[in-house]
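So the structure is just underneath, and the comments pick up after that.
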Amino acid sequence: MDLQGASAIVTGGASGLGEATTRRLHGAGAAVTILDRNAEQGEALAKELGGQANFAPADVTKYEECQAGVAQAAANGPLRVAVNCAGMGIAVRTINRDNTPHDPAAFKFLIDINLIGTFNVMTLAASSMATNDPDPGGDRGVIINTASVAAFDGQIGQLAYSASKGAVVGMTLPAARDLSAVNIRVNTIAPGLMDTPLLAMLPEPARASLAASVLYPKRLGIPDEFANLAMAIIDNGYLNGETIRLDGGIRMQPK
Ligand SMILES: NC(=O)c1ccc[n+]([C@@H]2O[C@H](COP(=O)([O-])OP(=O)(O)OC[C@H]3O[C@@H](n4cnc5c(N)ncnc54)[C@H](O)[C@@H]3O)[C@@H](O)[C@H]2O)c1
């Protein structure tokens with residue numbers, strides 16, 4: 001897909017995997033809208049990139065803010081790419097150490113961000129993409145969602161996180177089927193242990209231990225490796241309805 005003159009939106013685009021993807025999309029000539037709730041980082045990145053990069057302050061759990069962000073992106077050219085990276089994790093067990101049940105509010109909080117947030121921007125972006133003329137390859141648009149290996153190998157304390165990411169995997173095929181009528185492809189990336197600000201906060205021994213648990217190569221993933229896969233999905237017109245693990249072959253252990 002030729003991204004010159006096209007618009008792209010990246011949720012969570014101000015940090016980590018989203019930031020790396022923003023940089024790649026911008027480098028490929030797209031007008032990139034960084035949709036993020038972190039205004040300081042989002043504005044700074046848009047300013048650093050210059051050109052057609054722009055920041056849309058929004059919380060993905062707030063539908064009206066997502067609508068405004070997607071409209072802002074579509075005003076910069078035909079919206080052809082939407083990458084959903086906004087997300088986070090919590091560590092809470094099904095029952096706590098004192099046998100009290102998992103806080104239901106914490107469960108709903110995470111589902112709201114990781115699942116409903118992805119649903120919000122995916123559906124709004126698809127609605128905009130459906131009005132595009134097809135590109136020379138036939139695509140009107142490409143949507144990439146971010147799950148996690150925790151969708152498959154959820155660890156102790158990942159009840160909510162695995163539920164949210166499993167649901168993102170679950171949406172992939174039906175969304176691709178729904179959107180096949182309008183030539184929009186939908187794929188999901190399920191990353192393993194990626195070296196983003198989240199893991200950068202850990203002490204070095206903990207980072208080294210995580211790196212050693214990867215099959216090969218024995219290191220954390222680089223955010224640009226995620227962005228590289230996102231660009232490959234955009235480029236490869238035959239990739240649709242699929243979830244791709246990006247994890248150095250890791251299979252997460254119970255803890
Ligand atoms: N880093 C990893 O090892 C890893 C592994 C598997 C999956 N993931 C997933 O990848 C995605 C990106 O993670 P990351 O490591 O780059 O994290 P990150 O914290 O570096 O970036 C996440 C970005 O999302 C934004 N964000 C969070 N909640 C938001 C909301 N409600 N509305 C708008 N913006 C919001 C944050 O402000 C931040 O800029 C997440 O969905 C995460 O679950 C990460």
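Everything numeric in this text was worked out from a predicted model, so none of it was measured. For ligands, and for the atoms within them, numbers begin at 1 and follow the listed sequence. Count residues from 1 along the sequence.
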Contact check, side chains of [X] and [Y], non-hydrogen atoms, under 4.5 Å:
| X | Y | result |
| --- | --- | --- |
| Thr243 | Asn187 | no |
| Ile144 | Thr188 | no |
| Val142 | Ile233 | yes |
| Asn183 | Leu179 | no |
| Ile156 | Arg93 | yes |

Strictly by side-chain hydrogen bond (donor to acceptor under 3.5 Å, both in side chains), give each pair with a member in residues 133-158 just once, sequence neighbours left out. Asn84-Asn145, Asp139-Arg185, Asp153-Arg245
Starting from [atom], find the nearest protein heavy-atom neighbour and note its residue, name and distance.
| atom | value |
| --- | --- |
| atom 34 (N) of ligand 1 | Arg37 N, 3.3 Å |
| atom 1 (N) of ligand 1 | Thr196 OG1, 3.1 Å |
| atom 31 (N) of ligand 1 | Asp59 OD1, 3.0 Å |
| atom 39 (O) of ligand 1 | Asp36 OD2, 2.6 Å |
| atom 3 (O) of ligand 1 | Met194 N, 2.8 Å |
| atom 19 (O) of ligand 1 | Ser15 OG, 4.2 Å |
| atom 11 (C) of ligand 1 | Cys85 O, 3.0 Å |

With a cutoff of 4.0 Å, is Gly192 in contact with ligand 1, counting heavy atoms of the residue only? yes
Lys165 near ligand 1, heavy-atom distance under 4.0 Å? yes
Pairing of Arg207 and Asp195 as salt bridge, 4.0 angstrom limit: yes
Less than 4.0 Å between a side-chain N and a carboxylate O, is that true for Glu19 and Arg23? yes
Does [X] use its side chain to pair, donor to acceptor, with the backbone of [Y] at less than 3.5 Å?
| X | Y | answer |
| --- | --- | --- |
| Gln253 | Arg251 | yes |
| Ser127 | Thr123 | no |
| Asn38 | Gln41 | yes |

Atom 22 (C) of ligand 1: which of Gly42, Ala200, Gly87, Gly16 has the nearest heavy atom? Gly87
May I ask which of Tyr161, Phe226, Phe109 has a heavy atom nearer to atom 8 (N) of ligand 1 than the others do? Tyr161
Which atoms of ligand 1 have any heavy atom of [X] under 4.0 Å away?
| X | value |
| --- | --- |
| Pro197 | 20 (O) |
| Thr146 | 9 (C), 10 (O), 11 (C) |
| Leu17 | 10 (O), 16 (O), 44 (C) |
| Gly12 | 23 (C), 24 (O), 25 (C) |
| Pro191 | 5 (C), 6 (C), 7 (C) |
| Leu193 | 3 (O) |
| Asn38 | 37 (O) |

Contact region, Ala147 to ligand 1, non-hydrogen atoms below 4.0 Å, reads backbone
Side chain, backbone, both or neither: Ala58 near ligand 1, heavy atoms under 4.0 Å: backbone
Residues at least two apart in sequence or cross-chain that pass ring pair (Phe, Tyr, Trp, His ring centres under 6.0 Å) with Phe107, listed by chain then number, are His102
Flag [X] as yes when one of its N or O atoms lies below 3.5 Å from any N or O atom of ligand 1, and as no otherwise.
| X | value |
| --- | --- |
| Thr61 | no |
| Val60 | yes |
| Asn114 | no |

Note: Thr33 and Gly69 closest approach over all heavy atoms is CG2-O, 4.1 Å
Output for pair (Ile222 CD1, Leu246 CG), nearest 0.5 Å, gives 10.5 Å
